[in-house]
Amino acid sequence: MPMLSSKQELLAVDGGTPVRKTLLPYGHQSIAEDDIQAVVNVLRSDWLTTGPKVGEFEEAFAAVVGAKHAVSFSSGTAALHGCIFAAGLKPGDEAITTPLTFAATANCVLYQGATPIFADVSADTLNLDPEKAAAKITAHTRAILPVDYAGHPADMDAFLDFAGRHKMVVIEDASHALGAEYRDHRVGGIVDMSVFSFHPVKHLTTGEGGMVTTDHADYAQALQRFRNHGISSDARQRQAEGQWLYEMVLLGFNYRLTDIACALGLSQLKNLDANLLRRREIAARYAAGFREQAAIMQPVVRTDVNPAWHLYPIRLNLEKLSADRAQIFRALRAENIGVNVHYIPVHRHPYYRDRFGYRGGEYPVAEDAYERLISLPMFHGMSDQDVEDVVSAVNKIAGYYAR
(Lines give C-alpha, C1' and ligand atoms only; values in the text may rest on other atoms or scores of the structure.)
Protein backbone atom coordinates (compact mmCIF):
# COMPACT_ATOMS: atom_id res chain seq x y z
CA MET A 1 0.00 0.00 0.00
CA PRO A 2 1.38 3.47 -0.84
CA MET A 3 2.43 5.66 2.09
CA LEU A 4 -0.19 8.28 3.02
CA SER A 5 0.81 11.92 2.96
CA SER A 6 -0.84 14.35 5.34
CA LYS A 7 -3.15 15.46 2.51
CA GLN A 8 -4.32 11.96 1.46
CA GLU A 9 -7.44 10.22 2.74
CA LEU A 10 -7.58 6.53 3.49
CA LEU A 11 -9.44 4.84 0.62
CA ALA A 12 -12.76 3.10 1.29
CA VAL A 13 -11.30 -0.13 -0.09
CA ASP A 14 -8.78 0.03 2.79
CA GLY A 15 -11.35 0.89 5.46
CA GLY A 16 -11.77 4.62 4.91
CA THR A 17 -15.03 6.53 4.48
CA PRO A 18 -16.49 6.23 0.96
CA VAL A 19 -17.23 9.34 -1.09
CA ARG A 20 -20.88 8.27 -1.35
CA LYS A 21 -23.22 6.44 1.03
CA THR A 22 -25.05 4.61 -1.79
CA LEU A 23 -23.94 3.11 -5.09
CA LEU A 24 -24.17 5.31 -8.18
CA PRO A 25 -24.67 2.96 -11.19
CA TYR A 26 -22.80 3.51 -14.45
CA GLY A 27 -26.14 3.80 -16.28
CA HIS A 28 -29.82 3.95 -15.41
CA GLN A 29 -33.19 4.49 -17.08
CA SER A 30 -35.29 7.60 -16.50
CA ILE A 31 -39.04 6.96 -16.50
CA ALA A 32 -41.48 9.86 -16.03
CA GLU A 33 -45.20 9.81 -15.25
CA ASP A 34 -46.11 10.62 -18.87
CA ASP A 35 -44.09 7.58 -19.97
CA ILE A 36 -46.09 5.42 -17.60
CA GLN A 37 -49.38 6.92 -18.78
CA ALA A 38 -48.45 6.30 -22.43
CA VAL A 39 -47.97 2.61 -21.64
CA VAL A 40 -51.19 2.44 -19.63
CA ASN A 41 -53.11 3.93 -22.55
CA VAL A 42 -51.89 1.16 -24.83
CA LEU A 43 -52.76 -1.50 -22.24
CA ARG A 44 -56.31 -0.19 -22.35
CA SER A 45 -56.42 -0.16 -26.16
CA ASP A 46 -57.23 -2.84 -28.75
CA TRP A 47 -53.64 -3.38 -29.87
CA LEU A 48 -50.77 -4.58 -27.69
CA THR A 49 -48.59 -5.58 -30.64
CA THR A 50 -48.48 -5.00 -34.44
CA GLY A 51 -50.77 -2.03 -33.85
CA PRO A 52 -50.69 1.71 -34.59
CA LYS A 53 -48.02 2.70 -32.06
CA VAL A 54 -45.39 0.72 -33.97
CA GLY A 55 -45.78 2.81 -37.11
CA GLU A 56 -46.06 6.03 -35.12
CA PHE A 57 -42.81 5.36 -33.31
CA GLU A 58 -41.00 4.37 -36.51
CA GLU A 59 -42.18 7.48 -38.35
CA ALA A 60 -41.24 9.81 -35.50
CA PHE A 61 -37.85 8.16 -35.05
CA ALA A 62 -37.00 8.39 -38.77
CA ALA A 63 -37.79 12.12 -38.66
CA VAL A 64 -35.53 12.67 -35.64
CA VAL A 65 -32.47 11.06 -37.26
CA GLY A 66 -33.18 12.30 -40.78
CA ALA A 67 -33.79 8.96 -42.50
CA LYS A 68 -36.55 7.96 -44.94
CA HIS A 69 -37.37 4.67 -43.21
CA ALA A 70 -37.20 3.25 -39.69
CA VAL A 71 -37.96 -0.39 -38.83
CA SER A 72 -38.36 -1.40 -35.19
CA PHE A 73 -37.06 -4.65 -33.67
CA SER A 74 -37.34 -6.46 -30.36
CA SER A 75 -33.71 -5.63 -29.48
CA GLY A 76 -30.63 -3.96 -30.89
CA THR A 77 -29.19 -7.42 -31.50
CA ALA A 78 -32.25 -8.44 -33.53
CA ALA A 79 -31.89 -5.20 -35.51
CA LEU A 80 -28.26 -6.03 -36.29
CA HIS A 81 -29.28 -9.51 -37.41
CA GLY A 82 -31.91 -7.98 -39.66
CA CYS A 83 -29.30 -5.74 -41.30
CA ILE A 84 -27.00 -8.64 -42.07
CA PHE A 85 -29.94 -10.49 -43.62
CA ALA A 86 -31.06 -7.46 -45.64
CA ALA A 87 -27.49 -6.98 -46.89
CA GLY A 88 -27.62 -10.53 -48.27
CA LEU A 89 -24.71 -12.04 -46.33
CA LYS A 90 -24.46 -15.82 -46.44
CA PRO A 91 -21.93 -18.59 -45.72
CA GLY A 92 -18.60 -17.79 -47.36
CA ASP A 93 -19.09 -14.03 -47.05
CA GLU A 94 -17.14 -11.77 -44.69
CA ALA A 95 -17.94 -8.58 -42.80
CA ILE A 96 -15.29 -6.33 -41.24
CA THR A 97 -15.88 -4.90 -37.78
CA THR A 98 -14.12 -3.77 -34.61
CA PRO A 99 -13.06 -6.06 -31.77
CA LEU A 100 -13.80 -3.31 -29.22
CA THR A 101 -17.57 -3.70 -29.05
CA PHE A 102 -20.28 -5.77 -27.45
CA ALA A 103 -20.28 -9.29 -28.86
CA ALA A 104 -23.63 -8.79 -30.66
CA THR A 105 -21.96 -6.70 -33.39
CA ALA A 106 -19.91 -9.68 -34.53
CA ASN A 107 -22.41 -12.36 -33.52
CA CYS A 108 -25.01 -11.05 -35.97
CA VAL A 109 -22.65 -11.91 -38.83
CA LEU A 110 -22.37 -15.47 -37.55
CA TYR A 111 -26.16 -15.78 -37.35
CA GLN A 112 -26.27 -15.62 -41.14
CA GLY A 113 -23.41 -18.09 -41.56
CA ALA A 114 -20.92 -15.41 -42.63
CA THR A 115 -17.59 -14.66 -40.94
CA PRO A 116 -16.74 -11.56 -38.89
CA ILE A 117 -13.27 -10.18 -39.67
CA PHE A 118 -11.80 -7.85 -37.09
CA ALA A 119 -9.59 -4.83 -37.72
CA ASP A 120 -7.89 -2.73 -35.06
CA VAL A 121 -9.15 0.61 -33.76
CA SER A 122 -7.84 4.17 -33.91
CA ALA A 123 -5.83 5.12 -30.84
CA ASP A 124 -7.74 8.36 -30.23
CA THR A 125 -11.46 7.52 -30.52
CA LEU A 126 -11.21 3.70 -30.24
CA ASN A 127 -13.45 3.48 -33.29
CA LEU A 128 -12.69 1.13 -36.17
CA ASP A 129 -9.59 2.40 -38.01
CA PRO A 130 -10.46 2.91 -41.72
CA GLU A 131 -6.92 2.14 -42.94
CA LYS A 132 -6.72 -1.07 -40.93
CA ALA A 133 -10.20 -2.05 -42.05
CA ALA A 134 -9.31 -1.42 -45.70
CA ALA A 135 -6.32 -3.75 -45.35
CA LYS A 136 -8.71 -6.57 -44.38
CA ILE A 137 -10.81 -6.40 -47.57
CA THR A 138 -10.84 -9.59 -49.63
CA ALA A 139 -12.89 -10.94 -52.52
CA HIS A 140 -15.31 -12.28 -49.88
CA THR A 141 -15.97 -8.98 -48.09
CA ARG A 142 -19.60 -7.94 -48.39
CA ALA A 143 -20.13 -5.49 -45.53
CA ILE A 144 -18.39 -3.29 -43.00
CA LEU A 145 -19.78 -2.67 -39.50
CA PRO A 146 -18.23 0.36 -37.81
CA VAL A 147 -19.34 1.02 -34.23
CA ASP A 148 -19.88 4.51 -32.79
CA TYR A 149 -17.97 3.66 -29.62
CA ALA A 150 -19.32 5.42 -26.51
CA GLY A 151 -21.45 7.64 -28.76
CA HIS A 152 -18.60 9.14 -30.84
CA PRO A 153 -19.42 8.66 -34.55
CA ALA A 154 -16.97 6.60 -36.58
CA ASP A 155 -15.28 8.00 -39.69
CA MET A 156 -18.25 7.36 -41.98
CA ASP A 157 -16.95 9.19 -45.05
CA ALA A 158 -13.88 6.96 -45.15
CA PHE A 159 -15.97 3.81 -44.86
CA LEU A 160 -18.47 4.96 -47.47
CA ASP A 161 -15.61 5.77 -49.84
CA PHE A 162 -13.97 2.38 -49.92
CA ALA A 163 -17.29 0.54 -49.52
CA GLY A 164 -18.44 2.21 -52.72
CA ARG A 165 -15.28 1.24 -54.54
CA HIS A 166 -15.55 -2.38 -53.39
CA LYS A 167 -19.37 -2.69 -53.59
CA MET A 168 -19.83 -3.31 -49.87
CA VAL A 169 -22.74 -2.41 -47.60
CA VAL A 170 -22.01 -0.07 -44.67
CA ILE A 171 -23.96 -1.05 -41.54
CA GLU A 172 -23.40 1.39 -38.70
CA ASP A 173 -23.78 0.05 -35.18
CA ALA A 174 -25.07 3.30 -33.69
CA SER A 175 -26.37 1.65 -30.52
CA HIS A 176 -24.43 4.23 -28.47
CA ALA A 177 -25.01 7.21 -30.71
CA LEU A 178 -28.66 8.29 -30.88
CA GLY A 179 -28.57 12.06 -31.40
CA ALA A 180 -24.86 12.21 -32.21
CA GLU A 181 -23.78 14.37 -35.14
CA TYR A 182 -21.19 13.67 -37.82
CA ARG A 183 -20.18 16.61 -40.00
CA ASP A 184 -23.44 18.44 -39.24
CA HIS A 185 -25.62 15.39 -39.97
CA ARG A 186 -27.35 13.33 -37.32
CA VAL A 187 -26.29 9.72 -37.13
CA GLY A 188 -28.92 7.47 -38.67
CA GLY A 189 -29.28 8.91 -42.15
CA ILE A 190 -25.71 8.76 -43.41
CA VAL A 191 -24.87 5.15 -44.38
CA ASP A 192 -26.80 2.23 -45.89
CA MET A 193 -28.28 1.06 -42.58
CA SER A 194 -27.87 2.30 -39.00
CA VAL A 195 -28.78 0.33 -35.88
CA PHE A 196 -29.96 1.76 -32.56
CA SER A 197 -30.59 0.12 -29.18
CA PHE A 198 -33.26 1.01 -26.62
CA HIS A 199 -31.81 -0.88 -23.65
CA PRO A 200 -32.52 0.91 -20.33
CA VAL A 201 -29.04 2.51 -20.15
CA LYS A 202 -29.40 4.15 -23.57
CA HIS A 203 -30.64 7.64 -24.45
CA LEU A 204 -34.21 6.40 -24.60
CA THR A 205 -35.60 3.06 -23.58
CA THR A 206 -38.41 0.73 -24.60
CA GLY A 207 -37.30 -1.85 -22.00
CA GLU A 208 -35.64 -3.89 -24.71
CA GLY A 209 -35.80 -2.81 -28.33
CA GLY A 210 -33.96 -1.65 -31.39
CA MET A 211 -34.38 0.23 -34.66
CA VAL A 212 -32.84 0.22 -38.11
CA THR A 213 -32.88 3.41 -40.16
CA THR A 214 -32.21 3.53 -43.90
CA ASP A 215 -32.91 5.60 -47.00
CA HIS A 216 -33.30 2.43 -49.10
CA ALA A 217 -36.86 1.16 -49.60
CA ASP A 218 -35.67 -2.33 -50.54
CA TYR A 219 -33.73 -2.70 -47.30
CA ALA A 220 -36.73 -1.41 -45.31
CA GLN A 221 -39.06 -3.96 -46.91
CA ALA A 222 -36.64 -6.82 -46.28
CA LEU A 223 -36.25 -5.73 -42.65
CA GLN A 224 -40.01 -5.48 -42.12
CA ARG A 225 -40.56 -8.98 -43.45
CA PHE A 226 -37.57 -10.48 -41.65
CA ARG A 227 -38.79 -9.29 -38.24
CA ASN A 228 -42.27 -10.77 -38.89
CA HIS A 229 -41.54 -14.44 -39.72
CA GLY A 230 -40.87 -13.51 -43.35
CA ILE A 231 -44.56 -12.70 -43.88
CA SER A 232 -45.39 -10.02 -46.43
CA SER A 233 -48.24 -8.41 -44.42
CA ASP A 234 -49.07 -7.81 -40.76
CA ALA A 235 -52.16 -8.54 -38.70
CA ARG A 236 -53.34 -4.94 -38.60
CA GLN A 237 -53.15 -4.67 -42.40
CA ARG A 238 -55.20 -7.83 -42.80
CA GLN A 239 -57.82 -6.67 -40.34
CA ALA A 240 -58.12 -3.29 -42.06
CA GLU A 241 -58.56 -5.03 -45.41
CA GLY A 242 -61.06 -7.54 -44.01
CA GLN A 243 -59.13 -10.57 -45.21
CA TRP A 244 -57.19 -13.46 -43.67
CA LEU A 245 -54.67 -14.45 -46.32
CA TYR A 246 -50.99 -14.11 -45.49
CA GLU A 247 -47.92 -15.39 -47.30
CA MET A 248 -44.47 -16.22 -45.97
CA VAL A 249 -42.04 -15.07 -48.66
CA LEU A 250 -38.73 -15.56 -46.82
CA LEU A 251 -37.35 -17.27 -43.73
CA GLY A 252 -37.66 -14.72 -40.99
CA PHE A 253 -37.91 -14.46 -37.21
CA ASN A 254 -40.31 -13.10 -34.63
CA TYR A 255 -38.35 -9.94 -33.87
CA ARG A 256 -41.33 -7.57 -33.54
CA LEU A 257 -41.41 -4.69 -31.06
CA THR A 258 -44.74 -4.40 -29.20
CA ASP A 259 -47.09 -1.42 -29.13
CA ILE A 260 -46.47 -1.28 -25.39
CA ALA A 261 -42.75 -0.76 -25.98
CA CYS A 262 -43.32 1.64 -28.87
CA ALA A 263 -45.63 3.81 -26.75
CA LEU A 264 -42.85 4.10 -24.18
CA GLY A 265 -40.34 4.89 -26.92
CA LEU A 266 -42.58 7.58 -28.43
CA SER A 267 -43.01 9.23 -25.05
CA GLN A 268 -39.28 9.13 -24.34
CA LEU A 269 -38.39 10.43 -27.79
CA LYS A 270 -39.90 13.80 -26.83
CA ASN A 271 -37.15 14.22 -24.24
CA LEU A 272 -34.22 13.15 -26.43
CA ASP A 273 -32.80 16.64 -26.96
CA ALA A 274 -32.95 17.41 -23.24
CA ASN A 275 -31.32 14.06 -22.43
CA LEU A 276 -28.53 14.72 -24.92
CA LEU A 277 -27.95 18.19 -23.49
CA ARG A 278 -27.65 16.78 -19.97
CA ARG A 279 -25.18 14.08 -21.03
CA ARG A 280 -23.07 16.71 -22.77
CA GLU A 281 -23.15 18.85 -19.64
CA ILE A 282 -21.94 15.89 -17.58
CA ALA A 283 -19.14 15.19 -20.07
CA ALA A 284 -18.05 18.83 -19.85
CA ARG A 285 -18.02 18.67 -16.04
CA TYR A 286 -15.89 15.54 -16.16
CA ALA A 287 -13.51 17.17 -18.62
CA ALA A 288 -13.06 20.14 -16.30
CA GLY A 289 -12.77 17.97 -13.21
CA PHE A 290 -10.00 15.80 -14.66
CA ARG A 291 -8.14 18.49 -16.59
CA GLU A 292 -5.12 18.42 -14.25
CA GLN A 293 -5.22 14.66 -13.63
CA ALA A 294 -2.17 13.11 -15.29
CA ALA A 295 -3.16 9.57 -14.31
CA ILE A 296 -6.06 9.36 -16.75
CA MET A 297 -6.69 9.93 -20.44
CA GLN A 298 -10.09 11.43 -21.13
CA PRO A 299 -12.15 10.51 -24.21
CA VAL A 300 -10.99 12.25 -27.38
CA VAL A 301 -13.54 14.19 -29.44
CA ARG A 302 -12.68 14.90 -33.07
CA THR A 303 -13.47 18.35 -34.40
CA ASP A 304 -16.11 17.23 -36.93
CA VAL A 305 -18.41 15.38 -34.53
CA ASN A 306 -20.74 16.01 -31.60
CA PRO A 307 -20.88 12.80 -29.53
CA ALA A 308 -24.00 11.47 -27.83
CA TRP A 309 -22.08 10.31 -24.71
CA HIS A 310 -23.66 6.96 -24.04
CA LEU A 311 -20.50 6.13 -22.07
CA TYR A 312 -17.69 8.16 -20.56
CA PRO A 313 -14.70 5.81 -20.89
CA ILE A 314 -11.44 6.98 -19.37
CA ARG A 315 -8.12 5.22 -19.93
CA LEU A 316 -5.66 4.87 -17.08
CA ASN A 317 -2.09 6.05 -17.60
CA LEU A 318 -0.82 2.95 -15.81
CA GLU A 319 2.76 4.16 -16.11
CA LYS A 320 1.87 6.98 -13.70
CA LEU A 321 0.09 4.72 -11.20
CA SER A 322 1.28 2.18 -8.65
CA ALA A 323 -1.91 0.13 -9.16
CA ASP A 324 -3.34 -1.78 -12.10
CA ARG A 325 -6.82 -1.36 -13.61
CA ALA A 326 -8.33 -4.08 -11.40
CA GLN A 327 -7.16 -2.31 -8.24
CA ILE A 328 -8.44 1.06 -9.44
CA PHE A 329 -11.76 -0.53 -10.38
CA ARG A 330 -12.17 -2.12 -6.94
CA ALA A 331 -11.22 1.12 -5.22
CA LEU A 332 -13.83 3.11 -7.18
CA ARG A 333 -16.53 0.54 -6.44
CA ALA A 334 -15.65 0.74 -2.74
CA GLU A 335 -16.23 4.50 -2.94
CA ASN A 336 -19.75 3.61 -4.26
CA ILE A 337 -18.97 4.72 -7.80
CA GLY A 338 -20.51 2.04 -10.03
CA VAL A 339 -17.85 1.91 -12.73
CA ASN A 340 -17.84 -0.67 -15.52
CA VAL A 341 -15.55 -1.76 -18.37
CA HIS A 342 -16.51 -1.53 -22.06
CA TYR A 343 -15.49 -3.84 -23.61
CA ILE A 344 -13.68 -7.15 -23.40
CA PRO A 345 -12.47 -7.37 -27.03
CA VAL A 346 -14.70 -9.83 -28.85
CA HIS A 347 -11.84 -12.00 -30.10
CA ARG A 348 -10.78 -12.63 -26.49
CA HIS A 349 -14.06 -14.31 -25.54
CA PRO A 350 -13.75 -18.12 -25.18
CA TYR A 351 -16.17 -18.82 -28.03
CA TYR A 352 -14.16 -16.76 -30.52
CA ARG A 353 -10.84 -18.12 -29.27
CA ASP A 354 -12.07 -21.69 -29.62
CA ARG A 355 -13.76 -21.25 -32.98
CA PHE A 356 -11.27 -18.97 -34.74
CA GLY A 357 -8.01 -19.61 -32.91
CA TYR A 358 -7.41 -16.14 -31.53
CA ARG A 359 -4.69 -16.08 -28.88
CA GLY A 360 -4.35 -12.38 -28.10
CA GLY A 361 -2.02 -9.80 -29.58
CA GLU A 362 -3.81 -9.65 -32.94
CA TYR A 363 -5.24 -6.15 -32.35
CA PRO A 364 -2.74 -4.33 -30.13
CA VAL A 365 -4.47 -0.93 -29.95
CA ALA A 366 -7.80 -2.42 -28.88
CA GLU A 367 -6.14 -4.82 -26.46
CA ASP A 368 -3.99 -2.13 -24.84
CA ALA A 369 -7.05 0.10 -24.47
CA TYR A 370 -9.00 -2.72 -22.84
CA GLU A 371 -6.35 -3.10 -20.13
CA ARG A 372 -6.74 0.60 -19.26
CA LEU A 373 -10.45 1.33 -19.78
CA ILE A 374 -12.93 2.20 -17.06
CA SER A 375 -16.41 3.55 -17.84
CA LEU A 376 -17.54 6.21 -15.39
CA PRO A 377 -21.24 6.75 -14.59
CA MET A 378 -22.98 8.54 -17.46
CA PHE A 379 -26.75 8.90 -17.67
CA HIS A 380 -29.01 11.89 -18.05
CA GLY A 381 -30.68 11.36 -14.66
CA MET A 382 -27.46 12.12 -12.77
CA SER A 383 -27.52 15.11 -10.44
CA ASP A 384 -24.72 17.68 -10.19
CA GLN A 385 -23.82 16.11 -6.84
CA ASP A 386 -23.55 12.69 -8.51
CA VAL A 387 -21.09 14.15 -11.00
CA GLU A 388 -19.07 15.82 -8.26
CA ASP A 389 -18.93 12.53 -6.35
CA VAL A 390 -17.45 10.79 -9.39
CA VAL A 391 -14.86 13.52 -9.92
CA SER A 392 -13.93 13.47 -6.23
CA ALA A 393 -13.59 9.69 -6.13
CA VAL A 394 -11.48 9.46 -9.28
CA ASN A 395 -9.14 12.23 -8.17
CA LYS A 396 -8.93 10.80 -4.64
CA ILE A 397 -7.91 7.36 -5.93
CA ALA A 398 -5.63 8.63 -8.70
CA GLY A 399 -3.85 10.83 -6.19
CA TYR A 400 -3.49 8.00 -3.70
CA TYR A 401 -1.89 5.65 -6.24
CA ALA A 402 0.13 8.30 -8.11
CA ARG A 403 3.77 7.36 -8.63
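Heavy atoms only: backbone and side chains are in, while hydrogens, waters and symmetry mates are out. Counting from 1, the numbers follow the sequence of the chain as shown.
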* **Note, Val249 side chain near Ile231 side chain (heavy atom, < 4.5 Å)** => no
* To do: Give, for atom OG of Ser175 and atom OH of Tyr149, the distance between the pair rounded to the nearest 0.5 Å.
  => 14.0 Å
* Asked: Hey, does Pro299 have a side-chain heavy atom less than 4.5 Å from the side chain of Tyr312?
  -> yes
* Steps toward side chain to side chain contact (heavy atoms under 4.5 Å, CB included) verdict (Ile374, Arg315) -> CA-CA 6 Å; Ile374 291 182; Arg315 277 178 275 177; over 6 Å; no
* **Side-chain (Glu172) to main-chain (Val147) donor-acceptor, under 3.5 angstrom** => no
* His203 vs His310 aromatic rings, parallel, tilted or perpendicular, using cut-offs 30° and 60°? -> tilted
* Do Arg348 and Tyr352 have a side chain donor and acceptor closer than 3.5 Å? -> no
* **Check: Glu94/Thr138 side-chain N/O donor and acceptor closer than 3.5 Å** => yes
* Asked: Can you tell me if CZ on Arg44 sees more than 12 non-hydrogen neighbours from other groups inside 6.0 Å?
  -> no
* Asked: According to the interplanar angle, ranging from 0 to 90°, do the rings of Phe198 and Phe61 count as parallel (below 30°), tilted (30 to 60°) or perpendicular (above 60°)?
  -> perpendicular
* Summary of ring pair (Phe, Tyr, Trp, His ring centres under 6.0 Å) pairs that have at least one residue in residues 359-398, sequence neighbours excluded -> His347-Tyr363
* For the pair Phe226 and His81, evaluate ring-ring contact (aromatic ring centres under 6.0 Å, His included) and give the outcome as yes or no after the intermediate values. => CA-CA 9 Å; Phe226 184 75; His81 187 189; 4.9 Å; yes
* Test log, rule side-chain hydrogen bond (donor to acceptor under 3.5 Å, both in side chains), inputs Ser122 and Asn127 -> CA-CA 6 Å; Ser122 299; Asn127 282 329; over 6 Å; no
* His69 and Tyr219: aromatic ring centres closer than 6.0 Å? -> no
* Counting distance only, does the side-chain N/O of Arg372 pair as donor-acceptor with the main-chain N or O of Ile296 below 3.5 Å? -> no
* Can you tell me if CD on Glu241 sees more than 12 non-hydrogen neighbours from other groups inside 6.0 Å? -> yes
* **salt_bridge(Asp93, Arg142) N-O dist < 4.0 Å** => yes
* **SB check Arg278 Asp384 (cutoff 4.0 Å)** => yes
* Sole residue of Asp161, Ile137, Thr141, Ile144 in side chain to side chain contact (heavy atoms under 4.5 Å, CB included) with His166 -> Ile137
* Test side-chain hydrogen bond (donor to acceptor under 3.5 Å, both in side chains) applied to Asn228 and Gln224, step by step -> CA-CA 7 Å; Asn228 188 34; Gln224 289 161 354; over 6 Å; no
* If we ignore angles and hydrogens, is there a donor and acceptor under 3.5 Å between the side chains of Glu9 and Tyr400? -> no
* **Name of the residue among Glu367, Glu362, Lys132 meeting side chain to side chain contact (heavy atoms under 4.5 Å, CB included) with Asp120** => Lys132
* **Full working for side chain to side chain contact (heavy atoms under 4.5 Å, CB included) between Thr206 and His199** => CA-CA 7 Å; Thr206 58; His199 183 275; over 6 Å; no
* Examine distances only and state if a side-chain atom of Thr97 and a backbone atom of Leu145 form a donor-acceptor pair shorter than 3.5 Å. => yes
* Salt bridge Asp218-Lys68, side-chain N to carboxylate O under 4.0 Å -> no
* What's the verdict on side chain to side chain contact (heavy atoms under 4.5 Å, CB included) for Val201 and His28, showing C-alpha distance, side-chain angles and the deciding distance? -> CA-CA 5 Å; Val201 297; His28 196 269; over 6 Å; no
* Asked: Parallel, tilted or perpendicular: which fits the ring planes of Tyr358 and Phe356, with parallel below 30° and perpendicular above 60°?
  -> tilted
* Side-chain contact, heavy-atom cut-off 4.5 Å: Leu11 with Tyr401? -> yes
* **Any side-chain heavy-atom pair of Val187 and Leu178 under 4.5 Å** => no
* Structure fact -> The single option from Leu204, Asp173, Thr213 that satisfies side chain to side chain contact (heavy atoms under 4.5 Å, CB included) with Phe196 is Thr213
* To do: Can you spot which of Val387, Asp386, Leu277, Leu376 makes a side chain to side chain contact (heavy atoms under 4.5 Å, CB included) with Ile282?
  => Val387
* Does atom CG of Asp46 have more than 12 heavy-atom neighbours, drawn from other residues, nucleotides or ligands, at distances under 6.0 Å? -> no
* Contact check, side chains of Val346 and Phe118, non-hydrogen atoms, under 4.5 Å -> yes
* Can any side-chain N or O of Asp35 pair as donor or acceptor with the backbone N or O of Ile31 at less than 3.5 Å? -> no
* Asked: Should Arg227 and Glu58 count as an ion pair when the cut-off is N to O under 4.0 Å?
  -> yes
* Asked: Under a 4.5 Å cut-off applied to non-hydrogen side-chain atoms, are Arg325 and Ile328 in contact?
  -> no
* Asn317 side-chain N/O to Glu319 backbone N/O, donor-acceptor pair under 3.5 Å -> no
* Asked: In Å and rounded to the nearest 0.5 Å, what is the CZ to OG distance from Phe329 to Ser375?
  -> 9.0 Å
* Rounded distance (nearest 0.5 Å) linking atom CG of Leu257 with atom NZ of Lys53 -> 13.5 Å
* To do: Please confirm whether the backbone N or O of Ala261 pairs with a side-chain atom of Thr258, one donor and one acceptor, at under 3.5 Å?
  => yes
* Asked: Has Gln37 got more than 12 heavy atoms of other residues, nucleotides or ligands less than 6.0 Å from its CD?
  -> yes
* Backbone N/O of Ile84 and side chain of Gln112: donor-acceptor pair under 3.5 Å -> no
* To do: Apply the test side chain to side chain contact (heavy atoms under 4.5 Å, CB included) to residues Arg333 and Leu23: give CA-CA distance (whole Å), side-chain angles for both, the deciding distance (0.1 Å), then the verdict.
  => CA-CA 8 Å; Arg333 295 286 296 195; Leu23 182 70; 4.1 Å; yes
* Asked: Mind checking whether Val64 and Leu269 have side chains closer than 4.5 Å, heavy atoms only?
  -> yes
* Applying side chain to side chain contact (heavy atoms under 4.5 Å, CB included) between Tyr182 and each of Asp157, Val191, Asn306, Asp148, report the one that passes. => Asp157
* Asked: Are the charged groups of Glu388 and Arg20 less than 4.0 angstrom apart, N to O?
  -> no
* **Donor-acceptor under 3.5 Å (Ser45 side chain, Val42 main chain)** => yes
* To do: Taking atom CG of Leu245 as the centre, report whether more than 12 heavy atoms of other residues, nucleotides or ligands fall under 6.0 Å from it.
  => yes
* To do: Test ring-ring contact (aromatic ring centres under 6.0 Å, His included) on Phe85 and Phe253 and set out the steps.
  => CA-CA 11 Å; Phe85 171 85; Phe253 289 76; 8.6 Å; no
* Which atoms form the tightest heavy-atom contact between Ala222 and Ala86, and what is the distance? -> CB-CB, 4.1 Å
* **Leu276 vs Asp273 side-chain heavy atoms within contact, under 4.5 Å** => yes
* Asked: Checking Gln327 side chain against Asp324 main chain: does a donor-acceptor pair fall under 3.5 Å?
  -> yes
